[in-house]
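The first residue in the sequence is number 1, and the count goes up from there. Counting starts at 1 for both ligands and their atoms, in listed order.
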Amino acid sequence: MTKQPIGVMGAGWVGLVTAASFADLGHSVVVRDVDPARIEELESGALSIYEPGLDELIRRNRSRLRFTLDAAEVFAATGVVFVCVGTPPTYSGDADLSAVWRLVTELPAGVDDTILVMKSTVPVGTGEAVRAKLDARGLENIVYASNPEFLAEGTALTDFLNPSRIVVGSFAGAGAADVRALYDTLNAPVLETDVPTAEMIKYASNAFLATKISFINEIANVCEDTHADVTVVAEGMGLDPRIGPSFLRAGVGYGGSCFPKDVAALKQVAGNSGYHFQLLNAAIEVNELQKRRLLSKLKWHLGPLRDRTVTLLGVAFKPNTNDIRQAASLVIAARLLAEGARVRAWDPVALQAAGPVLGPEVELCEDLLGSLRGADAAVVVTEWDELSALDLDEARAVMRRPLLIDGRNLFDPDTVRASGFVYEGIGRPSADVDSVSSALAVPERLRFSARAAAQRLRGAEVAGEPNPAGA
Ligand SMILES: NC(=O)c1ccc[n+]([C@@H]2O[C@H](COP(=O)([O-])OP(=O)(O)OC[C@H]3O[C@@H](n4cnc5c(N)ncnc54)[C@H](O)[C@@H]3O)[C@@H](O)[C@H]2O)c1
């Protein structure tokens with residue numbers, strides 16, 4: 001049986017995964033983007049997005065995929081169109097919906113019998129606003145549905161084809177059965193709702209996960225002062241089925257193109273209607289401070305960071321992606337530069353994307369061991385598999401000072417320390433500054449002032465005051 005042709009607006013992470021996956025399920029798919037470079041790249045068989053398996057899936061289904069700059073071509077060829085355009089944050093924290101409005105404006109007059117399916121993450125109320133604009137344009141026959149996407153970069157294809165749930169929001173049920181039918185083969189629970197509820201499910205899910213991360217990071221910070229080990233605490237918590245083990249990994253905080261913007265947008269949605277979402281404010285603030293705590297750990301051991309060489313191990317916001325949007329590495333690099341440090345960055349796939357954002361002052365290193373040569377400290381920012389395989393003895397031998405700050409709790413502290421490193425994780429028993437002094441060869445005068453500064457910093461963070469050390 002011939003499968004229904006599908007249109008996709010937006011050839012980014014979500015759009016391409018949606019397009020390639022539906023093509024793999026047997027649909028012919030027309031993908032439109034407004035970026036000529038992106039369309040040209042796709043037509044030539046290249047892909048600048050790094051997502052495991054996506055390149056291969058596109059290649060395998062190339063005969064069922066068409067790429068275009070022309071919106072009209074999509075609506076002419078297909079009766080169901082997934083909207084996968086970006087909805088980045090604005091300065092106010094609200095979602096920028098200009099790509100959505102552009103799309104509604106560009107809908108060719110006279111389009112009929114089409115279902116417009118919103119996969120982009122949009123604030124609650126957007127569907128109703130789109131419906132009103134469509135009606136105002138005389139496009140009452142276009143059906144609107146909300147179908148939020150829950151995939152995560154790095155595992156996007158698996159997530160798309162094995163979803164935890166499929167949410168279909170509709171106005172009085174219009175189009176819901178048709179959207180639902182597209183996923184029939186995927187064997188996932190389907191939740192049919194109204195449009196605002198579907199929109200809120202997406203925001204609430206991301207906000208909850210972000211809050212869970214900030215929660216475990218706060219527990220980690222308390223662990224550091226109480227000599228408990230957050231990795232074991234998290235394991236013990238996660239065994240409780242009411243809590244579950246996921247998103248309980250303490251680290252430098254969440255980043256990426258979704259959590260920061262979606263949490264901010266939900267805060268604004270609440271605020272715009274006069275509600276002060278206190279829990280979200282706290283989750284956001286904890287996340288911001290968490291990245292900066294690394295700086296105080298470096299100062300604790302190295303003293304002032306001026307002219308110290310610090311290597312950031314990992315730039316992407318998470319492993320298995322080259323997405324650097326809102327990555328912790330960007331904040332950490334900027335803070336290190338502001339402290340006068342020399343900054344190097346290593347990443348297996350994200351350097352090209354990161355270079356222009358990090359700027360010329362950050363030295364980009366393709367070779368992992370080379371990035372550590374002569375460094376005063378290495379900071380794990382992204383938990384790439386390549387790092388787990390790092391030969392610690394070799395790394396120790398090439399560094400000027402054997403200091404490893406593990407922002408993702410990737411390494412086993414005992415193993416790292418056995419290789420002669422001074423190791424600091426997140427929420428794990430800290431190295432005793434006095435006992436490691438000879439290992440790092442940092443003058444005591446500097447270390448102690450740094451230690452005092454770090455202690456003051458901790459106090460300030462707890463009190464929620466501005467950071468006095470500027471770290
Ligand atoms: N990336 C994720 O992990 C993820 C997961 C779930 C949901 N989402 C949501 O999905 C949406 C897309 O995210 P993304 O990461 O794929 O974004 P992206 O920035 O990677 O891609 C968006 C694409 O849309 C294109 N575009 C802009 N205006 C357009 C228009 N009028 N017509 C056609 N194309 C247009 C852009 O050029 C860009 O290529 C966002 O709302 C995001 O919050 C993202």
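- The shortest N/O to N/O separation between Arg32 and ligand 1 falls below 3.5 Å.
- Regarding atom 21 (O) of ligand 1, its nearest protein heavy-atom neighbour is Gly12 CA, 3.2 Å.
- Of all atoms in ligand 1, listed by their number and element, those nearer than 4.0 Å to a heavy atom of Arg325 are 15 (O), 17 (O), 18 (P), 19 (O), 20 (O).
- In terms of polar-atom proximity, defined here as any N/O pair under 3.5 Å, Thr121 does make such a contact with ligand 1.
- Remark: ligand 1 and Asp262 share no N or O pair separated by less than 3.5 Å (distance only, no angle test).
- Close approach of ligand 1 to Ser257 (heavy-atom distance below 4.0 Å) involves ligand atoms 1 (N).
- When the options Leu295, Val379, Val380 are evaluated for a side-chain contact (heavy atoms from CB on, under 4.5 Å) with Ile405, the one that passes is Val379.
- Put simply, no part of Ala152 is less than 4.0 Å from ligand 1, judged by heavy atoms.
- Residue-to-ligand polar distances keep Lys202 apart from ligand 1: every N/O pair is separated by 3.5 Å or more.
- Side-chain contact between Val34 and Arg102 is present, with at least one heavy-atom pair separated by less than 4.5 Å.
- Checked for salt-bridge contact, Arg62 and Glu43 miss the test: no charged N lies under 4.0 Å from a carboxylate O.
- At a heavy-atom distance under 4.0 Å, atoms from both the backbone and the side chain of Ala99 approach ligand 1.
- Contact annotation: the side chain of Leu107 approaches that of Phe75 to within less than 4.5 Å [non-hydrogen atoms, C-beta and beyond].
- The protein atom (non-hydrogen) at minimum distance from atom 5 (C) of ligand 1 is Leu151 O, 3.3 Å.
- A salt bridge is absent between Asp70 and Arg32; no separation between the charged side-chain nitrogens and carboxylate oxygens falls under 4.0 Å.
- Ranking protein heavy atoms by distance to atom 39 (O) of ligand 1, first place goes to Asp33 OD2, 2.6 Å.
- Minimum interatomic distance between Leu139 and Pro108 (heavy atoms only, all atoms of both residues): CD2-O, 4.2 Å.
- Closest to atom 27 (C) of ligand 1, if we only count protein heavy atoms, is Val34 CG2, 3.7 Å.
- Listed by atom number, the atoms of ligand 1 under 4.0 Å from Cys84 heavy atoms are 12 (C), 22 (C).
- At under 3.5 Å, not a single nitrogen or oxygen of Glu106, backbone or side chain, sits near a nitrogen or oxygen of ligand 1.
- Protein heavy atom at the shortest distance from atom 11 (C) of ligand 1 is Val85 O, 3.3 Å.
- Taking OG of Ser371 as the reference point, atom CG of Leu313 lies at 5.5 Å (rounded to 0.5 Å).
- Atom 4 (C) of ligand 1 has its closest protein heavy atom at Cys258 SG, 3.2 Å.
- Salt-bridge annotation for Arg180 and Asp184: absent, with no side-chain N of the basic residue lying under 4.0 Å from a carboxylate O of the acidic one.
- With atom 1 (N) of ligand 1 as the reference point, the heavy atom nearest to it among Glu51, Glu153, Glu149 is part of Glu153.
- Residues Phe22 and Phe160 place their aromatic rings such that the two centres sit under 6.0 Å apart.
- Remark: Glu288 CD is packed, more than 12 non-hydrogen atoms of other residues, nucleotides or ligands lying under 6.0 Å away.
- If you number the atoms of ligand 1 from 1 as listed, the ones under 4.0 Å from a heavy atom of Lys261 come out as 42 (C), 43 (O).
- The N/O atoms of Val14, backbone and side chain alike, include one that comes under 3.5 Å of an N/O atom in ligand 1.
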Glu128 vs Lys133, test: salt bridge (charged side-chain N to carboxylate O under 4.0 Å, His left out). Steps then yes/no.
CA-CA 9 Å; Glu128 286 171 347; Lys133 280 192 196 274; over 6 Å; no
Starting from the C-alpha separation in whole Å, work towards a yes-or-no answer on salt bridge (charged side-chain N to carboxylate O under 4.0 Å, His left out) for Glu153 and Arg325.
CA-CA 12 Å; Glu153 287 174 26; Arg325 290 177 283 187; 3.7 Å; yes
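- Considering only non-hydrogen protein atoms, atom 22 (C) of ligand 1 sits nearest to Gly86 N, 3.4 Å.
- The aromatic rings of Phe247 and Phe259 are tilted relative to each other, their planes meeting at an angle between 30° and 60°.
- Less than 4.0 angstrom separates some heavy atom of Thr87 from each of these atoms of ligand 1: 40 (C), 41 (O), 43 (O).
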